[in-house]
Amino acid sequence: MTERKIRVRIAPSPTGYFHVGTARTAIYNWLFARKHGGEFLLRIEDTDEERSKKEWVDIILDGLKWMGVPWDGEVVYQSQRMGIYAPHADRLVAEGKAFRCFCPPQESVVGKDASERSFKYSGKCRDLPNEEIEQKLAAGVPSAVRLKMPKTGEATFTDAVYGKVNKAYEDLDDIIILKSDRRPIYNFAVVVDDHDMSISHVIRGNDHIANTFFQVELYKALGWDVPEFSHLPLILRPDRSKVSKRKGDKGVTEYFAEGFLPEAFVNYLALVGWSPKDDREKMTREEMIAAFTLEGINPNNAIFDVEKLLWMNGEYIRQMDSNKLVELAAPYFIDAGITTKYWIETNWHYVVKVIAVLKDRCKLISDFAKFGGYFFRSDFDYDPSGVKKHFAVDGTAENLRKLESSFSEIDDKNWSHDTTMQALTALATELGIKPAQLIHPTRLATSGATVGPGLYELLAALGKDRVQNRLERAINYIEKGQFPFAGE
Ligand code: GLU
């Protein structure tokens, strides 16, 4: 590690999609900065006109805020820096480290057809006599600027993840750094920007390794300190193909909307390609900051497994305070039309109990609304197979009526898991039946479903009035032999 102050950055291009790979790059940069008391900066590479939409930039800013991975200082917008690149290129030309190329783009390459991507610069303008250059400039022939790369030997740099990497200069072209419209290409802009932002460590996707050879050469030509590089392995789906929007893979924004918790998301994503070198999986941010090292990044491609992420999200939900969960789950209840903000606020205590009961079964914050609608509405449908199995049994209506009457003897303030259990068990004994013969129809009567939380937790959370009313409702339907079913 050098003496330089640690300053890292991410430099996403706004594409309208916040890829999990970009999110992980952000997390690693942020962990590294926090660990070393450095700064984590954000540069938006928005020079592509079509891609500069404000809402696309917001997707990145909102995603970082949601993840709780905040950048330091002002956001740097590359589009606002367009004037600063050309003078650096001119200096390189003046120093003989770069040269003007007057060839129209299609004529400057030799070798295979450009579409086959093995084209190479012809070298035509590399050593043009000064006179000719002057003439062309005077005649107003447009020119790009190319970096003069060495012709022999090997370009090399040491990567914290991949070790020493090299490539023969023979295979590295004199790349264009400034186009004829005086706009920089990526490799040039990134070097000037990272230098101006005093970036000490560049941590980014390994798709940029090939670019790094050119960037290192540019730093040297410009006489600037070369940052340390760490390239990150790809993130693959369980079938080992690349994570991509086209395949329907979700971006950060969608994970956010679906009810993932930022703590779980960041924790899981940090472990896709990095490990603290012990078996820890569930880690707080502080623990990750303390354990994070660039050396702990695994150079092999890593698998992003949504099932594992769901599991981890469930773990975080289980340990979360129920009041906090109510706040998070409320928008999903409201959006689903299950209840209103006002109702939640005025029945807070009840909603906290509901959340506490459902918590063990939910892997997403949105699951509370998905599984818990019956806590808020009493006009629910009954599961049709449950009706056949548990209501259409002789004696059910009478049994439920007896249960209702046993329950009515429980004092309101004693209504609980234990007292409802005692009442039900005692009644089963009295009737000479198994408790299960009361438990199943009672669950169906009070929730409409055949599965859910433990029955007595359910009854305790619903409270005596709701339970009594729902038993009454079910008894009426059983006696009539008609039931409201889902979809009817
Ligand atoms: N805009 C580039 C990207 O999104 C930035 C690469 C870099 O970090 O240098 O891949």
Side-chain angles (χ1 to χ4, degrees), residues 6-33 38-53 56-61 63-64 67 69 71-73 75-82 85 88 147 157 159-162 165 175 177 179 183-219 222 224-235 242-245 249 251-253 269 273 294 297 301:
I6 303 287
R7 281 167 69 95
V8 294
R9 83 324 187 252
I10 54 163
S13 310
T15 61
Y17 176 65
F18 196 158
H19 194 282
V20 291
T22 311
R24 187 193 57 177
T25 303
I27 293 167
Y28 289 175
N29 273 280
W30 176 80
L31 288 171
F32 186 70
E39 283 176 281
F40 166 54
L41 309 179
L42 174 61
R43 179 171 73 240
I44 301 288
E45 302 208 325
D46 57 348
T47 48
D48 192 338
E49 306 279 322
E50 290 151 37
R51 293 181 164 191
S52 54
K53 289 190 194 136
W56 287 6
V57 172
D58 285 344
I59 285 174
I60 297 168
L61 305 187
L64 289 171
M67 289 198 296
V69 174
W71 62 92
D72 297 308
V75 180
V76 175
Y77 291 91
Q78 203 170 52
S79 58
Q80 291 169 10
R81 292 171 49 80
M82 277 301 120
Y85 305 102
H88 291 294
L147 179 69
F157 67 92
D159 188 281
V161 178
Y162 289 92
V165 274
I175 49 153
I177 56 174
K179 291 185 281 185
R183 288 166 72 89
I185 59 107
Y186 160 74
N187 275 315
F188 188 50
V190 74
V191 167
V192 175
D193 289 343
D194 284 343
H195 170 74
D196 285 356
M197 291 164 76
S198 303
I199 297 303
S200 63
H201 292 71
V202 170
I203 305 168
R204 63 182 168 198
N206 69 8
D207 48 333
H208 287 287
I209 288 182
N211 286 323
T212 308
F213 295 112
F214 295 110
Q215 293 173 18
V216 169
E217 220 56 44
L218 275 165
Y219 278 105
L222 290 158
W224 294 340
D225 284 344
V226 185
E228 313 260 342
F229 292 99
S230 306
H231 286 92
L232 307 174
L234 284 179
I235 297 187
K242 278 196 204 172
V243 171
S244 109
K245 185 185 186 175
D249 290 321
V252 174
T253 322
L269 205 48
L294 295 172
I297 294 169
N301 291 337

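For ligands, and for the atoms within them, numbers begin at 1 and follow the listed sequence. Every value quoted in this text rests on a predicted model; they were computed, and no experiment measured them.
His231 pairs with exactly one of Asp207, Asn206, Asp159 by the side-chain hydrogen bond (donor to acceptor under 3.5 Å, both in side chains) rule, that one being Asp159.
Looking at Asn187 and Gln215, their side chains do bring a donor and an acceptor atom within 3.5 Å of each other.
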Pair Arg81, Asp196 - check salt bridge (Lys or Arg N to Asp or Glu O under 4.0 Å), show working.
CA-CA 11 Å; Arg81 292 171 49 80; Asp196 285 356; 2.8 Å; yes
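Considering all non-hydrogen atoms of both residues, His19 and Val243 come closest at NE2-O, 2.9 Å. Asn301 approaches Leu234 most closely through the heavy-atom pair OD1-N, 3.0 Å. Across every non-hydrogen atom of Pro14 and Glu45, the tightest pair is CD-O, 3.4 Å.
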Considering only N or O atoms, set out every pair between ligand 1 and the protein closer than 3.5 Å, with distances to one decimal place.
{"from": "ligand 1", "atom 1": "1 (N)", "to": "Ala11", "atom 2": "O", "distance (Å)": "2.7"}
{"from": "ligand 1", "atom 1": "1 (N)", "to": "Ser13", "atom 2": "OG", "distance (Å)": "3.1"}
{"from": "ligand 1", "atom 1": "1 (N)", "to": "Glu45", "atom 2": "OE1", "distance (Å)": "2.6"}
{"from": "ligand 1", "atom 1": "8 (O)", "to": "Arg9", "atom 2": "NH1", "distance (Å)": "2.6"}
{"from": "ligand 1", "atom 1": "8 (O)", "to": "Arg9", "atom 2": "NH2", "distance (Å)": "3.4"}
{"from": "ligand 1", "atom 1": "9 (O)", "to": "Arg9", "atom 2": "NH2", "distance (Å)": "2.9"}
{"from": "ligand 1", "atom 1": "9 (O)", "to": "Tyr186", "atom 2": "OH", "distance (Å)": "2.7"}
{"from": "ligand 1", "atom 1": "9 (O)", "to": "Arg204", "atom 2": "NH1", "distance (Å)": "2.9"}
{"from": "ligand 1", "atom 1": "10 (O)", "to": "His208", "atom 2": "NE2", "distance (Å)": "2.8"}

